Amino acid sequence: MSASDYILIMITWTHNLGAVVWVGGCLFYYLVLRPVFTDNLVEQSNKNLIADQFRHVIKTTIWILILTGIVLAVSHVAIQTVPIMYVYVLAIKVCLAIMMFVLYLFNKGTQKLMFELFGVKVYKTDMILILGVLVIGLSDILSALAK
């Protein structure tokens, strides 16, 4: 293995770690923090402090995912030979990730209802989590297609 292979492994590891932090943080928010926040068991100042810390982590993660994602996409598409299906799945993954980033950037800590489907209300934070899970799933498909 060459030095560039080791660098690519580190970039892939960093990208995967960023995805785990993003989606894991969203799951933690969805399953733990949101129920506690809605029951008013936490003072508003503490809610704001937690939200500020979470935003800082997510903003850092966004930059990590964007930078490492660009490097990985270029290395796979431009340098390696990949099937056309890989490019299509990668394009879908990038579009979903952009949607996820945009939803986060325009969320501003509010719980805005996006739509209601069969009586289930879907908020922006729910969509961010759903998109994150889809993006991780597409990553697994890309790994299988690259082999």
Side-chain angles (χ1 to χ4, degrees), residues 3-79 82 85-146:
S4 63
D5 290 332
Y6 288 113
I7 292 170
L8 222 64
I9 289 170
M10 288 304 298
I11 291 171
T12 302
W13 179 81
T14 304
H15 189 78
N16 291 338
L17 183 61
V20 167
V21 168
W22 176 288
V23 175
C26 288
L27 277 170
F28 181 77
Y29 176 83
Y30 187 79
L31 297 173
V32 177
L33 291 180
R34 194 161 85 169
V36 170
F37 285 177
T38 56
D39 289 340
N40 291 323
L41 299 174
V42 179
E43 293 180 23
Q44 188 60 42
S45 62
N46 289 336
K47 289 180 189 179
N48 293 340
L49 181 62
I50 292 168
D52 288 341
Q53 291 296 320
F54 186 66
R55 268 191 286 280
H56 178 69
V57 169
I58 295 302
K59 285 179 184 176
T60 304
T61 304
I62 287 173
W63 283 110
I64 289 170
L65 289 171
I66 289 171
L67 295 173
T68 58
I70 289 170
V71 171
L72 291 172
V74 168
S75 73
H76 281 88
V77 175
I79 298 171
V82 292
M85 184 57 76
Y86 184 96
V87 177
Y88 292 147
V89 174
L90 179 61
I92 293 168
K93 178 185 174 187
V94 169
C95 288
L96 292 177
I98 289 170
M99 288 171 49
M100 189 172 65
F101 295 151
V102 167
L103 281 174
Y104 171 76
L105 293 173
F106 291 108
N107 195 23
K108 300 295 183 196
T110 60
Q111 280 292 344
K112 293 197 178 173
L113 182 67
M114 291 197 63
F115 60 88
E116 190 169 342
L117 184 64
F118 303 115
V120 177
K121 295 179 178 179
V122 179
Y123 295 91
K124 280 187 178 181
T125 52
D126 301 332
M127 280 304 299
I128 292 169
L129 176 58
I130 291 166
L131 290 171
V133 170
L134 289 173
V135 166
I136 287 178
L138 289 174
S139 296
D140 291 335
I141 293 170
L142 287 173
S143 293
L145 289 172

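Everything numeric here is computed off the predicted structure, so don't read it as measured data.
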Distance in Å, [X] [atom1] paired with [Y] [atom2], rounded so as to fall on 0.5 Å steps:
X      : Y      : atom1 : atom2 : value
Asp140 : Ile136 : CG    : CD1   : 8.0 Å
Ile141 : Leu134 : CD1   : CG    : 9.5 Å
Leu138 : Leu145 : CG    : CG    : 10.0 Å
Leu65  : Thr60  : CG    : OG1   : 11.0 Å
Arg55  : Ile62  : CZ    : CD1   : 11.5 Å
Ile130 : Met127 : CD1   : CE    : 5.5 Å

Which heavy-atom pair separates [X] from [Y] by the least distance, and what is that distance?
X      : Y      : answer
Tyr29  : Pro35  : O-CD, 4.3 Å
Leu129 : Cys26  : CD1-CB, 3.8 Å
Ala73  : Leu90  : CB-CD2, 4.0 Å
Thr68  : Thr14  : CG2-CG2, 4.1 Å
Val71  : Ile11  : CG1-CD1, 3.6 Å
Lys93  : Ser139 : NZ-OG, 2.9 Å

- Determine the interplanar angle of the Trp22 and Tyr104 rings, folded into 0 to 90°, and report it as parallel if under 30°, tilted if 30 to 60°, perpendicular if over 60°.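 Rings of Trp22 and Tyr104: perpendicular, as their planes differ by over 60°.
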- Around Gln44, counting heavy atoms of other residues, nucleotides and ligands shown, do more than 12 lie under 6.0 Å from its CD? yes
- Message: Tell me if the CZ atom of Phe101 is crowded by more than 12 foreign heavy atoms within 6.0 Å.
- Response: yes
- Task: Give the C-alpha distance, both sets of side-chain angles, the deciding distance and a yes or no for side-chain contact (heavy atoms from CB on, under 4.5 Å) between Asn16 and Val20.
- Result: CA-CA 6 Å; Asn16 291 338; Val20 167; 5.5 Å; no
- Note on the structure: Checking Ile128, Val94, Leu131 against Met99 for side chain to side chain contact (heavy atoms under 4.5 Å, CB included), the one that qualifies is Leu131
- Ile66 vs Ile70 side-chain heavy atoms within contact, under 4.5 Å: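 Yes - at least one pair of side-chain heavy atoms lies under 4.5 Å apart.
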